[in-house]
Amino acid sequence: MAYRLSDYITYGELFTTSHYGVYGFLVLRTEEQEAGGDHTMIRLELTGDPDPDLQGMHICFEPEEGSEIKYFRRAEHPGLMMRQYGATGAMSAQGWVRALPCSETEYMTRLRLGEPPPTEWKNRLHLEWYGPNGRMVVELAGPLVEVCTRERDEDDEDDQGDWEPLRNLAPRPEPYIHGETDPGDFEIVAINADGESASCTGREISHGESLEFERFLEDDGDAARDEDDGEDDCEAFMRETRLMDECIEDGEETPIIDLIGGIDGLPDPDDLNEEMAEDHLKALLGRLAMIGVALSVCEHYTPRDTYRLLVKRILPEAGAFKELIGTEWVQHYMTAEYCAKCDEQVLKDYGVDREPPPPVWN
């Protein structure tokens, strides 16, 4: 089941110009920010490429004008990491999604009565990745998506750069007419107060197969949770920093292979082509993200090269502190640490040989 953030997003930016990486941030609506406090942002530091339509771009996006955006309350999402790393999934601004003109509950009720309100096809922004919280999804219907054609002048605080709308080139589907067209498998998603999500399809609703989804909608979760019972961000950061210091000074690392349940079932990299190796690489990066380990890929490594490095060298040799799993600290590896061509570039630029450095904690 996916963790969905769509309902809370007011703005976002993505940079897909780096080699095999997607970086950016999502701004979430909060009561504190609207009262003059700092923005609440989720940082994205992902390994992998987006879909072809977003590759090599700097884009910004915001929900459709008039969209209802819910308040993000940190106490209702205690396990959500505000720094998301791991592997990219499907990421595209091409395509269409059927938007409901009312709440999920009202739509289901009216559909069962044979009087569903008309739905509308809207352009879709779909962002998926596999990180420390598992599968994450952002899906916006009818958003404004723009691509940067000239970057900001960093020395001019008033310069916002030049932007233009990103066109949706996918053909628009036929409209759905109740009683004349099959409702199809369009998805309806709900999120409860604990941040859990559930979904069903239009076909399941019309065929009376969505009982579990209806029960989920009726369950408000622990909405009465006292927000004052939790740590604030500063307290959590200091506690986790002290824990990291203790681990580095006196702790003992556990082999990463043990923390992810072993790698005996993984295929040999030499038996795979690039596409197959990339599938296994991303699955492995998703598993590593769950234990606080990330990997960046230099321009000289293909997905199969990266998968081979992980399976043959990094994982058999590396360890991690299991006490830090679930914190915001990330043990970061880079293929550049093992890359002969990167070593040559360092020697050319600085005139010195380089020892592979230890993994970076950040």
Side-chain angles (χ1 to χ4, degrees), residues 1-5 14-24 26 42-57 59 80-81 83-95 125-139 256-257 259-318 320 325 330-339 359-360:
M1 183 177 294
Y3 199 126
R4 298 177 183 266
L5 297 168
L14 287 184
F15 298 81
T16 67
T17 52
S18 300
H19 175 72
Y20 210 61
V22 173
Y23 303 90
L26 307 172
I42 290 182
R43 294 164 54 192
L44 302 180
E45 304 169 5
L46 305 172
T47 303
D49 288 325
D51 287 16
D53 67 283
L54 290 182
Q55 290 182 14
M57 292 183 176
I59 68 167
L80 177 64
M81 296 296 176
R83 180 183 181 187
Q84 290 286 319
Y85 47 92
T88 58
M91 290 187 161
S92 175
Q94 301 296 307
L125 175 66
H126 180 86
L127 306 176
E128 176 188 51
W129 67 92
Y130 298 84
N133 293 104
R135 179 172 177 248
M136 307 289 294
V137 172
V138 170
E139 189 165 58
I256 288 180
I257 288 179
L259 294 175
I260 63 173
I263 59 172
D264 292 341
L266 294 179
D268 191 296
D270 296 325
D271 295 335
L272 305 174
N273 60 30
E274 281 291 342
E275 184 177 354
M276 296 166 61
E278 184 172 28
D279 290 341
H280 286 286
L281 169 64
K282 288 192 171 183
L284 190 52
L285 290 174
R287 291 166 63 186
L288 292 173
M290 299 286 285
I291 63 166
V293 176
L295 176 71
S296 297
V297 181
C298 71
E299 60 182 329
H300 307 114
Y301 268 64
T302 69
R304 187 167 73 159
D305 295 334
T306 306
Y307 176 68
R308 181 185 292 110
L309 178 66
L310 267 177
V311 172
K312 298 290 189 179
R313 186 165 180 186
I314 294 180
L315 294 183
E317 299 174 358
I325 296 176
V330 183
Q331 186 166 347
H332 211 125
Y333 290 89
M334 296 174 282
T335 62
E337 299 167 356
Y338 304 85
C339 178
V360 177

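What you see is a predicted model, and the numbers here were worked out from it, not measured in a lab.
Residues Val293 and Leu259 have side chains not in contact (no heavy-atom distance under 4.5 Å, counting atoms from C-beta outward). Leu315 is listed as a side-chain neighbour of Leu288, based on a closest heavy-atom distance under 4.5 Å. By the 4.5 Å heavy-atom criterion applied to side chains, Ile314 and Tyr338 are counted as neighbours. Within the 4.5 Å cutoff, the side chain of Trp129 has heavy atoms near those of the Met91 side chain. For the pair Thr47/Val297, a side-chain contact is recorded, criterion being any heavy-atom separation below 4.5 Å from C-beta on. Using a 4.5 Å heavy-atom cutoff, the side chains of Leu44 and Tyr23 are not in contact.
Between the CZ atom in Arg308 and the OH atom in Tyr301 there is a gap of 9.0 Å [rounded to 0.5 Å]. Rounding to the nearest 0.5 Å gives a distance of 8.0 Å between CD of Gln84 and CG of Leu46. Between atom CD of residue Glu278 and atom CG of residue Leu285 there is a gap of 10.0 Å, rounded to the nearest 0.5 Å. Interatomic distance, Asp268 CG to Tyr307 OH, rounded to the nearest 0.5 Å: 8.0 Å. In this structure, Leu127 CG and Leu5 CG are separated by 10.5 Å, a value rounded to the nearest 0.5 Å. To the nearest 0.5 Å, atoms CG (Leu266) and CZ (Arg287) are separated by 5.5 Å.
Considering every non-hydrogen atom in both Pro267 and Leu272, the closest pair reads CG-CD1, 3.9 Å. Contact detail for Asp51 and Ser92: the closest heavy-atom pair is OD2-CB, 3.5 Å. Taking each heavy atom of Lys312 and Pro269 in turn, the nearest pair found is CE-CD, 3.9 Å. Cys298 approaches Thr335 most closely through the heavy-atom pair N-OG1, 2.7 Å. Of all the heavy atoms in Gly292 and Tyr85, the pair that sits closest is CA-OH, 3.2 Å. Nearest heavy atoms, Leu125 versus Ala93: CD1-CB, 3.9 Å.
The neighbour count for Glu275 CD, taken as heavy atoms of other residues, nucleotides or ligands under 6.0 Å away, does not exceed 12.
Ser296 places no side-chain N or O within 3.5 Å of a backbone atom of Met334 that could act as its donor or acceptor partner. In this structure a side-chain-to-backbone donor-acceptor pair under 3.5 Å is missing from Lys282 to Gly89. Without hydrogens or angle criteria, Thr16 side chain to Met57 main chain gives a donor-acceptor distance under 3.5 Å.
Taking His126 as the reference, Ala90, Arg124, Glu128, Val137, Glu139 meet the side-chain contact (heavy atoms from CB on, under 4.5 Å) condition, with sequence neighbours excluded. Applying the salt bridge (Lys or Arg N to Asp or Glu O under 4.0 Å) test to Asp264 and every residue at least two apart in sequence or in another chain returns nothing. Every residue meeting the side-chain contact (heavy atoms from CB on, under 4.5 Å) condition with Glu299, not counting sequence neighbours, appears here in chain and number order: His19.
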How far apart are the C-alpha atoms of Met136 and Leu80, what are their side-chain angles, what is the distance that settles it, and do they pass the side chain to side chain contact (heavy atoms under 4.5 Å, CB included) test? CA-CA 10 Å; Met136 307 289 294; Leu80 177 64; 3.7 Å; yes
